[in-house]
Amino acid sequence: QNNVMLLAMNYLSDSFLQTFLGVQFDKDVLFQFFELAAAFITQEMLQLESFTTIKRLHVEEQYGDMRSVMAAELGAMWGNLGENKAVFVPALIGPLVKASMVKHVDVRQAILPIFAEMLELNYTTSSSFT
């Protein structure tokens with residue numbers, strides 16, 4: 001099921017880029033994409049660190065670590081927002097904090113730069129960190 005969800009999110013992200021980032025910019029739809037991606041990354045069934053070694057190796061061999069793929073998709077979508085990024089600050093911070101708490105280096109490497117950019121955006125738009 002998670003594999004199907006990941007595949008669907010990959011297809012949806014391409015459609016979202018074409019449909020909701022242009023003239024028809026839709027903050028709510030894109031925010032739901034980010035929330036869903038964060039929820040996917042943090043779901044208990046994908047926390048491979050909690051599995052036995054044999055089960056973890058089996059899952060990694062068969063599916064890979066789907067959290068890494070979703071985190072990369074999340075990072076790519078953020079990168080494509082361009083000037084629209086500011087509308088997601090601060091609303092997106094909560095879901096991204098949860099996702100960044102996952103004990104996986106690839107996930108953190110994809111999400112932490114987004115936080116840095118959010119801080120910069122917040123500072124440049126308000127001249128403070130409040």
What's the spacing between [X] [atom1] and [Y] [atom2] if we round to 0.5 Å?
| X | Y | atom1 | atom2 | answer |
| --- | --- | --- | --- | --- |
| Met5 | Met70 | CE | CE | 6.0 Å |
| Asn2 | Met9 | CG | CE | 12.0 Å |
| Ser68 | Leu46 | OG | CG | 10.5 Å |
| Met77 | Leu30 | CE | CG | 6.0 Å |
| Thr125 | Lys85 | OG1 | NZ | 13.5 Å |
| Tyr63 | Leu48 | OH | CG | 12.0 Å |

Open item on the list: Using the rule side chain to side chain contact (heavy atoms under 4.5 Å, CB included), only one of Met66, Gln1, Glu73 pairs with Leu6; which is it?
Closed with: Met66

Open item on the list: Has Asn80 got a side-chain atom pairing as donor or acceptor with Ala76's backbone, closer than 3.5 angstrom?
Closed with: yes

Open item on the list: Tell me if a side-chain donor or acceptor on Thr19 pairs with a main-chain N or O of Phe16 at a distance below 3.5 Å.
Closed with: no

Open item on the list: Would you say NZ of Lys98 has more than 12 non-hydrogen atoms from neighbouring residues, nucleotides or ligands within 6.0 angstrom?
Closed with: no

Residues 31-41, side-chain donor-acceptor partners within the protein, below 3.5 Å, at least two apart:
none

Open item on the list: Filter on salt bridge (charged side-chain N to carboxylate O under 4.0 Å, His left out), then keep only pairs touching residues 41-59, sequence neighbours left out; what's left?
Closed with: Glu49-Arg67, Arg56-Glu60

